[in-house]
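Note that the structure is predicted; figures quoted are calculated from it, not measured. In what follows, chains are A, B, ... by sequence order, proteins preceding strands, each numbered from 1.
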There are 2 protein chains.
Amino acid sequence: MSTPQARRGNTRQRIQDVALELFSAQGYDKTSLREIAEKLEVTKAALYYHFKTKEDIVISLFQDLAGPIDDLIAWAQTQPRTLETKKELIRRYSESLRAGEPLFRFMQENQPAVRDLSIGESFKARMLTLFGLLKEPDAELTDQVRCITALFSMHAGMFAMQNLEGDPEEKRKAILEVATELVTAANPPNRRPARPDSAQTASP
Amino acid sequence: MSTPQARRGNTRQRIQDVALELFSAQGYDKTSLREIAEKLEVTKAALYYHFKTKEDIVISLFQDLAGPIDDLIAWAQTQPRTLETKKELIRRYSESLRAGEPLFRFMQENQPAVRDLSIGESFKARMLTLFGLLKEPDAELTDQVRCITALFSMHAGMFAMQNLEGDPEEKRKAILEVATELVTAANPPNRRPARPDSAQTASP
DNA sequence: GTCTATATGGCGATAGAC
DNA sequence: GTCTATCGCCATATAGAC
């Protein structure tokens, strides 16, 4: 719409951008609202016009991430539970991570801060859903570990492998490859050979 | 015996214990010295007698962890760089992690706090050394990812897999198994068959 | 929609008595 | 070795003018 100062009606967006940048660079607790405001060349009070609390800023950030993941989960639930589906699932997940990398890193590195921000539970729930979609219902413990490791290594790739040399896109591909391998190993084709209800409809 | 305040001399140790417990439960920033003191039924000033700053408490905790890891690194460096050595290396590492689990979880979950606590670098350096011991000198990117994932999954096991049902010791074994698998895959016996100096003595 | 000014409170840290 | 008391700082958050 038309604001008195036509140049900015995007202040809310700019707050989110700067906040995410600072949060993920120095941590949630170490970043004060004063710092965010200064970087934006506004005052603290201006922030409070757009967001009720500091927490609200994080929550708003998280919601941008939750959407794509929910879509991904919804998609996977319409597919047959085949190995092909699972491979495609983590491929798409890897794609999502590329977009939301800073936010993911932030969530990973600031677990204590995120935990009691009420979104912690909701984030964890999504991870468990993904996990449930990757593993076989009666999977052995080692296979469950494989699936969790696959998911986790994709998150970890964002920061644990920053010191590896190489093109970021190359790294992402390498991580995806290893994750795919883990999921494949966790879903042996000859585990339960006779089971009529899950029809294999893989069509490459 | 005698007075309620008779068992003294171990105050420093008790501070470390309570601090680690609270730090890893609620995070470094969210844990105040007042809280630690109250739980110990002493005053803040008492803490300052034993530790110069809040940071010093963390540093002292970290040093307890660093010793065993340094020993492990030193041991590995005396061994031939065979796959067997690498497998034994992560087996022993898994052992070390069992002992220092809360501390490891703390370091993993409080990266922003730890980062500029000056021990962050030293911790990272040790991880890189372990990584260097696991991977082949000219390993491909995917093999490097495998090695990092192996290391990382052992750390991650401490908190990412807490909601998996099952005996903790069983879980540790499962994680170790997957990690071993990853390292094995990253060290193919037939990659560079002709190379005189690194005698492969794997015998399955 | 953004500002100035201020309220309120917890934090880490220190001084000095016992 | 532990206490009481207090300092100085910066945090989040609010009130009200423009």
Side-chain angles (χ1 to χ4, degrees), chain A residues 1-23 25-61 106 110 112-119, chain B residues 1-20 22-23 25-62 106 110 112-119:
Chain A
M1 296 306 193
S2 60
T3 60
Q5 309 190 349
R7 323 182 60 185
R8 8 170 133 162
N10 56 344
T11 308
R12 190 188 155 94
Q13 175 69 37
R14 290 173 63 228
I15 292 174
Q16 288 179 314
D17 291 344
V18 169
L20 177 55
E21 182 189 331
L22 291 177
F23 286 163
Q26 8 170 301
Y28 178 76
D29 295 289
K30 291 197 144 54
T31 304
S32 67
L33 295 181
R34 181 183 54 77
E35 206 174 350
I36 296 173
E38 272 175 10
K39 192 145 187 171
L40 280 168
E41 291 178 310
V42 297
T43 59
K44 274 193 295 176
L47 303 186
Y48 277 96
Y49 174 79
H50 295 280
F51 298 95
K52 231 175 50 188
T53 67
K54 188 183 180 185
E55 289 197 17
D56 269 10
I57 300 180
V58 179
I59 292 174
S60 78
L61 289 172
F106 164 70
N110 291 268
V114 163
R115 223 187 328 248
D116 50 21
L117 242 46
S118 81
I119 58 177
Chain B
M1 301 295 258
S2 50
T3 77
Q5 317 202 340
R7 11 190 210 93
R8 197 69 64 56
N10 58 343
T11 306
R12 189 188 157 92
Q13 174 70 36
R14 288 172 63 228
I15 293 174
Q16 288 179 313
D17 292 344
V18 169
L20 177 55
L22 292 178
F23 285 165
Q26 7 173 302
Y28 178 76
D29 295 289
K30 291 197 145 53
T31 303
S32 67
L33 294 180
R34 182 183 55 76
E35 205 174 350
I36 297 174
E38 272 175 10
K39 192 146 186 171
L40 282 168
E41 291 177 310
V42 296
T43 59
K44 270 199 296 177
L47 302 186
Y48 277 96
Y49 173 80
H50 294 280
F51 297 95
K52 229 176 48 189
T53 67
K54 189 184 180 184
E55 289 197 17
D56 269 9
I57 301 180
V58 179
I59 293 174
S60 78
L61 289 172
F62 175 71
F106 163 69
N110 291 269
V114 164
R115 213 174 350 234
D116 50 21
L117 242 45
S118 81
I119 57 177

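- Straight-line distance from the CG atom of B:Leu47 to the P atom of C:dG12: 10 Å, rounded to whole Å.
- Going from atom CZ of A:Arg14 over to atom P of C:dT2 covers 9 Å, rounded to whole Å.
- Listed by residue number, the members of residues 15-23 of chain A with any heavy atom below 4.0 angstrom from DNA chain C form an empty set.
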Apply salt bridge (charged side-chain N to carboxylate O under 4.0 Å, His left out) to B:Arg34 and B:Glu38, showing your working. CA-CA 6 Å; B:Arg34 182 183 55 76; B:Glu38 272 175 10; 3.1 Å; yes

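- Between the C1' atom of C:dG1 and the CD atom of A:Glu41 lies a distance of 17 Å, rounded to the nearest Å.
- Phosphate proximity of C:dG1 to A:Thr11: absent, as no side-chain N or O sits under 4.0 Å from OP1 or OP2.
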Could you go through nucleotides 12-18 of chain D and list every protein N or O atom that sits under 3.5 Å from one of its N or O atoms, giving the distance for each pair?
{"unit_1": "D:dT12", "atom_1": "OP1", "unit_2": "A:Lys54", "atom_2": "NZ", "d": "3.2"}
{"unit_1": "D:dT12", "atom_1": "OP2", "unit_2": "A:Leu33", "atom_2": "N", "d": "3.1"}
{"unit_1": "D:dT12", "atom_1": "O4", "unit_2": "A:Lys44", "atom_2": "NZ", "d": "3.2"}
{"unit_1": "D:dA13", "atom_1": "OP2", "unit_2": "A:Tyr48", "atom_2": "OH", "d": "3.0"}
{"unit_1": "D:dA13", "atom_1": "OP2", "unit_2": "A:Lys54", "atom_2": "N", "d": "3.1"}
{"unit_1": "D:dA13", "atom_1": "O5'", "unit_2": "A:Tyr48", "atom_2": "OH", "d": "3.4"}
{"unit_1": "D:dA13", "atom_1": "N6", "unit_2": "A:Lys44", "atom_2": "NZ", "d": "3.2"}

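- At whole-Å resolution of the value, CZ in B:Phe51 and P in C:dA13 are 13 Å apart.
- Between the P atom of C:dT14 and the CG atom of B:Asp56 lies a distance of 11 Å, rounded to the nearest Å.
- To the nearest angstrom, C1' of C:dG1 lies 14 Å from CG of A:Leu40.
- Straight-line distance from the OH atom of B:Tyr49 to the P atom of D:dT4: 18 Å, rounded to whole Å.
- In this structure, A:Asn110 and B:Pro112 approach most closely via the heavy-atom pair OD1-CG, 3.4 Å.
- Here the closest non-hydrogen pair linking B:His50 and B:Ile15 is CD2-CD1, 3.8 Å.
- Under the 30°/60° scheme for interplanar angles, the aromatic rings of B:Tyr28 and B:Phe106 are found to be tilted.
- Residues passing the side chain to side chain donor-acceptor pair (under 3.5 Å) test with A:Glu55, sequence neighbours excluded: none.
- Contact annotation: A:Thr43 side-chain N/O to C:dT2 OP1/OP2 distance is not under 4.0 Å.
- To the nearest 0.5 Å, atoms CD1 (A:Ile36) and CG (A:Leu20) are separated by 10.0 Å.
- Side-chain contact between A:Tyr49 and A:Arg12 is absent, with no heavy-atom pair separated by less than 4.5 Å.
- Rounded to the nearest 0.5 Å, atoms CG (B:Leu61) and CD (B:Gln16) are 5.5 Å apart.
- Taking the charged nitrogens against the carboxylate oxygens, A:Lys39 and A:Glu21 do have a contact shorter than 4.0 Å, which makes a salt bridge.
- Distance CG (A:Asn10) to C1' (C:dT2): 14 Å, rounded to an integer number of Å.
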